[in-house]
K.L.:
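Okay, here's the structure, questions in a sec.
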Amino acid sequence: MQEEVLTMSYEGLVQEPIDVKHISVSYQSKIALEDISLSIEPGKITGIIGPNGAGKSTFLKSVIGLIKTDSGSVSIAGESIDVIRKQIAYVEQRSAIDLTFPIKVEETVMLGTYPKLGLFRRPKKEDKQKVQESLEKVKMENFSKRQIGNLSGGQLQRVFIARALAQDADIIFLDEPFVGIDMVSEKLIVELLQELRDEGKTIVIVHHDLHKTKEYFDNLIILNKKLIASGPVSTTFTTSTIQKAYGETMGEIVIKGVND
Ligand code: ADP
Ligand code: MG
């Protein structure tokens with residue numbers, strides 16, 4: 001009973017900002033992130049942008065606690081982020097996933113129910129129901145028996161989002177979900193993520209290029225090893241911040257999308 005009460009009180013924390021304070025990360029002795037402090041606003045879509053190798057994936061993983069930081073902390077309303085770990089879903093970069101592993105769409109989505117239910121509990125009727133609902137939400141219900149290796153990039157992303165929904169995650173982190181997918185799928189996924197945002201979920205998306213930045217995101221984190229800017233798109237997406245992150249050579253391409 002006591003445990004349940006504690007869990008309940010932690011659940012409300014997902015409505016609070018995630019506070020990142022002075023995070024630094026290095027691999028061997030090479031610094032990947034240097035003294036990053038910012039906060040991630042709940043109920044919004046936050047984009048993380050920056051050039052290749054800027055530390056975007058590293059940042060995502062350190063916020064979730066998948067990699068060890070050299071220093072700094074990640075907290076939510078003064079509590080360690082660990083207390084809401086089960087409410088966070090992580091959709092990793094597609095290139096990091098072994099698509100030859102023989103697993104069906106419905107099994108992949110079912111994996112989302114395990115954080116809540118425990119690994120050794122057999123799926124029950126309501127879990128199967130949850131999987132079905134989640135697949136319907138991403139319009140993949142007709143693909144449940146397919147092997148994930150046979151899906152297009154866009155379909156695969158939708159399955160991973162369904163897995164996050166089956167997890168009942170309130171916070172969803174996605175690493176480059178639009179890489180290698182067609183514009184129709186991209187639009188569908190963006191609309192879906194916006195719908196989830198409107199239902200109160202917090203969405204964080206790593207995005208390596210700048211197209212659609214203004215349409216897709218409410219807030220932006222611009223990184224290049226160091227934090228260049230964070231906050232609403234309207235104040236952070238400027239020529240100056242983009243040039244700081246990407247260098248001046250991109251000027252022509254970039255300037256079209258920029259506010260000032
Ligand atoms: P991004 O996602 O912005 O492209 P990453 O976070 O993947 O950047 O990488 C940031 C830097 O850290 C890069 O220089 C990359 O080569 C390096 N790096 C990333 N992962 C590792 C690793 N596991 N071991 C060593 N270096 C790594
Ligand atoms: Mg990356």
Side-chain angles (χ1 to χ4, degrees), residues 18 20-40 45-74 81 85 88-99 153-154 156-161 163-164 169 171-181 185-186 189-190 193 202-214 216-217 219-231 233 236-238 240-250 253-254 257-258:
I18 299 170
V20 174
K21 289 192 185 125
H22 303 296
I23 276 193
S24 294
V25 178
S26 51
Y27 296 105
Q28 286 84 41
S29 56
K30 199 168 154 264
I31 292 174
L33 287 175
E34 207 180 321
D35 196 25
I36 310 290
S37 295
L38 53 82
S39 92
I40 298 171
I45 301 184
T46 297
I48 303 178
I49 60 172
N52 262 327
K56 303 180 299 297
S57 298
T58 300
F59 177 75
L60 212 60
K61 287 183 213 163
S62 49
V63 171
I64 309 170
L66 288 176
I67 55 173
K68 207 175 150 330
T69 59
D70 299 344
S71 57
S73 66
V74 182
I81 193 85
R85 191 173 305 284
I88 302 177
Y90 167 55
V91 178
E92 66 187 324
Q93 241 169 310
R94 193 149 56 98
S95 57
I97 297 162
D98 179 8
L99 292 173
L156 191 63
Q157 272 317 325
R158 281 148 65 193
V159 169
F160 290 141
I161 293 171
R163 187 183 59 192
I171 302 174
I172 306 176
F173 288 84
L174 303 103
D175 199 343
E176 309 239 15
F178 308 125
V179 166
I181 73 175
S185 295
E186 178 166 328
I189 291 167
V190 168
L193 293 172
T202 303
I203 315 277
V204 181
I205 306 174
V206 169
H207 192 53
H208 79 275
D209 67 36
L210 296 166
H211 91 279
K212 309 275 187 181
T213 297
K214 283 171 81 173
Y216 287 3
F217 306 125
N219 293 336
L220 217 51
I221 294 169
I222 306 177
L223 280 182
N224 197 355
K225 261 188 203 164
K226 296 181 184 176
L227 181 67
I228 290 167
S230 84
V233 172
T236 51
F237 193 49
T238 67
S240 146
T241 57
I242 295 308
Q243 288 186 342
K244 256 192 206 161
Y246 289 82
E248 312 215 339
T249 49
M250 283 189 75
I253 307 165
V254 170
V258 177

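These figures come from a predicted structure and were not determined experimentally. Reckoned from all heavy atoms, side chains included, excluding hydrogens, waters and symmetry mates. Whatever order the structure lists ligands and atoms in, that order sets their numbers, starting from 1.
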K.L.:
Under 4.5 Å between any side-chain heavy atoms of L174 and F160, yes or no?
P.N.:
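With C-beta onward as the side chain, the pair stays apart.
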
K.L.:
Give a yes-or-no answer on whether the side chains of D35 and S24 include a donor-acceptor pair shorter than 3.5 Å.
P.N.:
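No, S24 and D35 have no side-chain donor paired with an acceptor closer than 3.5 Å.
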
K.L.:
Do any N or O atoms from the side chain of S26 and from the backbone of S29 form a donor-acceptor pair under 3.5 angstrom?
P.N.:
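The answer is no, because no donor-acceptor pair under 3.5 Å joins these two groups.
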
K.L.:
In the protein, how many N/O/S atoms are under 2.8 Å from the Mg ion (ligand 2)?
P.N.:
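Of the protein's nitrogen, oxygen and sulfur atoms, 1 lie under 2.8 Å from the Mg ion (ligand 2).
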
K.L.:
Between the main-chain N or O of P51 and the side-chain N or O of K56, is there a donor-acceptor pair closer than 3.5 Å?
P.N.:
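Side chain of K56 to backbone of P51: a pair is present.
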
K.L.:
Pick from L60, I171, V63: which one makes a side-chain contact (heavy atoms from CB on, under 4.5 Å) with Y90?
P.N.:
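Passing option: L60.
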
K.L.:
Walk me through whether Q157 and S185 qualify under side-chain hydrogen bond (donor to acceptor under 3.5 Å, both in side chains).
P.N.:
CA-CA 9 Å; Q157 272 317 325; S185 295; over 6 Å; no

K.L.:
Would you please name every residue forming a ring-ring contact (aromatic ring centres under 6.0 Å, His included) with Y216, sequence neighbours left out?
P.N.:
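Residues passing ring-ring contact (aromatic ring centres under 6.0 Å, His included) with Y216: F178.
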
K.L.:
Could you point out which residue of I222, V204, I205 forms a side-chain contact (heavy atoms from CB on, under 4.5 Å) with I48?
P.N.:
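Testing each of I222, V204, I205 against I48, the sole residue satisfying side-chain contact (heavy atoms from CB on, under 4.5 Å) is V204.
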
K.L.:
Excluding sequence neighbours, so at least two apart, what forms ring-ring contact (aromatic ring centres under 6.0 Å, His included) with H211?
P.N.:
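With sequence neighbours excluded, H211 shows a ring-ring contact (aromatic ring centres under 6.0 Å, His included) to H207, given in chain and number order.
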
K.L.:
Could you list each N/O atom of ligand 1 together with any protein N/O atom closer than 3.5 Å, one pair per line with the distance?
P.N.:
from: ligand 1; atom 1: 2 (O); to: S57; atom 2: N; distance (Å): 3.0
from: ligand 1; atom 1: 2 (O); to: S57; atom 2: OG; distance (Å): 2.9
from: ligand 1; atom 1: 3 (O); to: A54; atom 2: N; distance (Å): 3.1
from: ligand 1; atom 1: 3 (O); to: G55; atom 2: N; distance (Å): 3.0
from: ligand 1; atom 1: 3 (O); to: K56; atom 2: N; distance (Å): 2.9
from: ligand 1; atom 1: 3 (O); to: K56; atom 2: NZ; distance (Å): 2.7
from: ligand 1; atom 1: 4 (O); to: G53; atom 2: N; distance (Å): 2.8
from: ligand 1; atom 1: 6 (O); to: T58; atom 2: N; distance (Å): 2.9
from: ligand 1; atom 1: 6 (O); to: T58; atom 2: OG1; distance (Å): 2.5
from: ligand 1; atom 1: 8 (O); to: G55; atom 2: N; distance (Å): 3.1
from: ligand 1; atom 1: 14 (O); to: K30; atom 2: NZ; distance (Å): 2.8

